[in-house]
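Notes to accompany the following structure.
Heavy atoms only: backbone and side chains are in, while hydrogens, waters and symmetry mates are out. Count residues from 1 along the sequence.
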Amino acid sequence: IEFILQGLHHFKEISGLSANTDKSSIFFCNTSSSTRSFIISLTYFRQDALPVKYLSLPLISSRLTKHHCSPLIDKMMARANSWVSNSLSYAGRLQLIKSTLASMQIICSSSFLLPATVMMECERILHRFLWGGNGSVFKESLVKWANVC
């Protein structure tokens, strides 16, 4: 159990950062209550349980489902629908996709293995925003989506 304090101290020496006890949580699995209490008294972290949200997606011990990823899809849809895109050119919409909408998907994809259906839904939102100016309205595309990407 001393290795926990050594690890925190080593982290502080290398990075120059220390764990904030107000923001840090500790998760236990198959641990006795006396061991849990001892570790919590050493670290001053609060005990938490899964699932916990990170980047608006739950940290869970199983595979993410489309239901788990609905906050990402909802956030992308809300952002795409909030812009007044009727006055934007295709180049302006493409710039918004690259700078904002696609980066939301990339950040989540770099941290989680997203289901294929979620990836396709994100692509659909980007496609519809570019050609229709809205994340939910379908319009015929002028160029293949593969060429745009």
Residue pairs fulfilling side chain to side chain donor-acceptor pair (under 3.5 Å) with at least one residue in residues 10-20, sequence neighbours excluded: H9-E13
CD on E123 to CG on L101, rounded to 0.5 Å: 11.0 Å
L113, CG: over 12 other non-hydrogen atoms inside 6.0 angstrom: no
Heavy-atom side-chain contact between R93 and L96 under 4.5 Å: no
Spacing of CG belonging to N81 relative to CE belonging to M76, to within rounding of 0.5 Å: 11.5 Å
Minimum-distance pair of heavy atoms, taken over all atoms of R36 and N30: NH2-N, 4.5 Å
T31 side-chain N/O to C29 backbone N/O, donor-acceptor pair under 3.5 Å: yes
Side-chain donor-acceptor pairs of residues 39-52 under 3.5 Å, sequence neighbours excluded:
residue, atom, partner, partner atom, Å
S41, OG, S37, O, 3.4
S41, OG, F38, O, 2.7
T43, OG1, I39, O, 3.0
T43, OG1, F45, N, 3.3
R46, NH1, D22, O, 2.8
R46, NH2, S25, OG, 3.4

Side chain to side chain donor-acceptor pair (under 3.5 Å) contacts in which one or both residues fall within residues 67-79, not counting sequence neighbours: T65-H68
I107-L64 co-clustered via ILVMFWY side chain contacts under 4.5 Å: yes
Donor-acceptor side-chain pairing of S24 and T21 below 3.5 angstrom: no
Verify same cluster id: F129, I106 (apolar side-chain graph, 4.5 Å): no
Derivation and outcome, side chain to side chain contact (heavy atoms under 4.5 Å, CB included), residues L8 and F3: CA-CA 8 Å; L8 289 172; F3 66 90; over 6 Å; no
Gap separating the OG atom of S99 from the CE atom of M104, nearest 0.5 angstrom: 11.0 Å
Check: P71 and K53 side chains under 4.5 Å, non-hydrogen atoms: yes
S109: partners by side chain to side chain contact (heavy atoms under 4.5 Å, CB included), with sequence neighbours left out: Q105, L114, M119
Reported SG-to-CD1 distance for the pair C122 and I73, which is rounded to 0.5 angstrom: 5.5 Å
Spacing of I125 atom CD1 and M77 atom CE [to the nearest 0.5 Å]: 4.5 Å
Residues that S110 engages under side chain to side chain contact (heavy atoms under 4.5 Å, CB included), provided they are two or more places apart: none
Residues clustered with F11, ILVMFWY side-chain links under 4.5 angstrom: L17
